[in-house]
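Just follow the structure's listing: the first ligand is 1, and inside any ligand the first atom is 1.
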Amino acid sequence: MKTNAFAYVRADTVPDALRLYAEAGEDARYLAGGQSLMAALNFRLDEPSTLIDITRVAALRGIVADADAIRIGALTRHADVADSAVITAELPLIHAAIGHVAHPAIRNRGTFGGSVALADPAAEMPACVLALGGVMEIAGQDGTRHVPADAFFLGTYETALAPGELLTGVTIQRPAPGSRWGFAELARRAGDYAMAGLCLMIAPDRRDARVVFFSISDRPVRARAAEAAIIAGASVIEVAAVATDGIEVYGDLNAGIATKRHYASVLLRRELARLDQQEAAA
Ligand SMILES: Cc1cc2nc3c(=O)[nH]c(=O)nc-3n(C[C@H](O)[C@H](O)[C@H](O)COP(=O)(O)OP(=O)(O)OC[C@H]3O[C@@H](n4cnc5c(N)ncnc54)[C@H](O)[C@@H]3O)c2cc1C
C-alpha cells in the first residue's frame with residue numbers, strides 16, 4: 001500500500017517545529033527516524049495531514065554527561081547510542097539493550113526519542129528509561145516541562161505527551177557506584193520484537209530495586225512485588241515467584257497470558273541468579 005497524500009515541512013529549531021505544528025493542526029506528525037512512522041503511513045494505520053521533519057534540528061541530537069546525570073537528545077540515533085563510550089561506561093543497561101532493537105539498518109536511522117515517544121509496549125528503550133528512572137524533557141507552546149518515566153508511559157502507544165509537544169531529551173541520573181543491572185529478552189529471532197523482556201537495576205546493599213518488564217502488558221511495567229522482595233532480601237526463587245504479581249498481563253500473537261507470566265518469571269530468575277553468581281565470584 002502507499003501513504004495518503006500529506007504536506008511536508010522541515011524544522012530547523014525546536015521553536016520552529018512547535019510553530020509548524022501549531023500552524024498544521026493536530027493531524028500533523030513529527031518525523032524523526034521514520035522507522036515506525038513511515039511503515040504506519042504505508043499501511044494506512046495513520047493518515048497525517050502534514051509531516052514535520054525534525055531531523056535537521058541539531059539541538060535534539062547528542063549525548064551529554066555531567067557529574068550527576070547523562071542526557072540523551074531525542075534525535076540521537078540508536079546506532080550512536082550503541083557506539084557511545086559514555087553510555088557503555090555509565091549506562092550499561094542501555095548499551096546491552098540497544099543491540100536488541102531491530103537490525104543495523106533500522107538502528108542507523110531510528111532515534112532514541114522516537115522510540116520513547118512512540119511507546120511501543122514491546123520496545124526496549126522505554127523499558128530501560130523506566131528502569132533507570134529517566135526524566136523526559138518536553139517542549140511545548142508554554143515552555144519546557146519535565147515528566148518522570150513513571151508518569152510518562154500511559155498505555156499502548158500512549159504517553160504523557162500532549163498533541164504538538166516535542167520530546168527533546170531524556171535525562172538519567174548516574175546509577176550509584178556498585179549498582180547492579182540486568183537485561184534479558186526472549187525473541188523468536190535476533191532483531192525481532194521481544195515476546196517478553198526484562199530490565200533490572202539494583203542499588204548497592206539492595207537499598208532500592210527497579211524491575212521492569214516489557215512486551216507483557218500495554219506499556220513497560222514495574223514489578224512492584226518483585227522490587228519489594230529484592231529489597232527485603234528474598235531469595236531468587238522467592239522473587240521470581242512474585243514476578244508478575246499485581247501486573248495486568250496481556251497476551252498477543254506470540255503468547256497467551258499464562259505463557260507471558262511464565263516467561264517473565266523465568267527471565268527474572270535467570271538474571272537474578274546470574275547477578276548472584278557474579279557477586280559470589282567477585
Ligand atoms: C522491521 C522493524 C523492526 C523493529 N524492531 C524493533 C525492536 O525490536 N525494538 C524496538 O524498540 N524498536 C523496533 N523497531 C522500531 C524502531 O526502533 C524505531 O526507530 C522507533 O520505534 C521509532 O523511532 P523513529 O526515530 O524511527 O521514529 P518515527 O518513526 O519517526 O516516529 C515514531 C512516532 O514518534 C513520534 N516522534 C518521533 N520523535 C518524536 C519526538 N522527539 N517528540 C515527539 N514525538 C516524536 C512521531 O511523530 C511518530 O508518531 C523496529 C522497526 C522496524 C521497521
Could you go through ligand 1 and list every pair where one of its N or O atoms sits under 3.5 Å from a protein N or O, giving the atom names and the distance to one decimal?
| unit_1 | atom_1 | unit_2 | atom_2 | d |
| --- | --- | --- | --- | --- |
| ligand 1 | 8 (O) | A102 | N | 3.2 |
| ligand 1 | 9 (N) | E124 | OE1 | 2.8 |
| ligand 1 | 11 (O) | E124 | OE1 | 3.1 |
| ligand 1 | 12 (N) | Y193 | OH | 3.3 |
| ligand 1 | 14 (N) | Y193 | OH | 2.9 |
| ligand 1 | 17 (O) | H78 | NE2 | 3.2 |
| ligand 1 | 19 (O) | H78 | NE2 | 3.3 |
| ligand 1 | 21 (O) | S36 | OG | 2.9 |
| ligand 1 | 25 (O) | G33 | N | 2.8 |
| ligand 1 | 25 (O) | T111 | N | 2.9 |
| ligand 1 | 25 (O) | T111 | OG1 | 2.6 |
| ligand 1 | 26 (O) | G34 | N | 3.2 |
| ligand 1 | 26 (O) | Q35 | N | 2.8 |
| ligand 1 | 29 (O) | Q35 | N | 3.3 |
| ligand 1 | 29 (O) | S36 | N | 2.9 |
| ligand 1 | 29 (O) | L37 | N | 2.7 |
| ligand 1 | 30 (O) | A32 | N | 2.9 |
| ligand 1 | 30 (O) | G33 | N | 3.3 |
| ligand 1 | 30 (O) | G34 | N | 2.7 |
| ligand 1 | 41 (N) | L167 | O | 2.9 |
| ligand 1 | 42 (N) | L167 | N | 2.9 |
| ligand 1 | 47 (O) | Y30 | N | 3.3 |
| ligand 1 | 47 (O) | Y30 | O | 2.5 |

Side-chain donor-acceptor contacts of residues 116-125 below 3.5 Å, not counting sequence neighbours, with atom names and distances?
| unit_1 | atom_1 | unit_2 | atom_2 | d |
| --- | --- | --- | --- | --- |
| D120 | OD1 | A122 | N | 2.8 |
| D120 | OD2 | Y157 | OH | 3.3 |

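Within the structure, ring pair (Phe, Tyr, Trp, His ring centres under 6.0 Å) contacts touching residues 93-139 (residues at least two apart or in different chains) are H100-F183. Screening residues 18-71 for ring pair (Phe, Tyr, Trp, His ring centres under 6.0 Å), with sequence neighbours left out, gives Y21-Y30.
Other residues, nucleotides and ligands contribute only 12 or fewer heavy atoms inside 6.0 Å of the CZ atom of R109. Within a 6.0 Å sphere centred on CZ of R270, other residues, nucleotides and ligands contribute 12 heavy atoms or fewer.
Note on Y263: it clusters hydrophobically with L268, by side-chain heavy-atom contacts below 4.5 Å among ILVMFWY residues.
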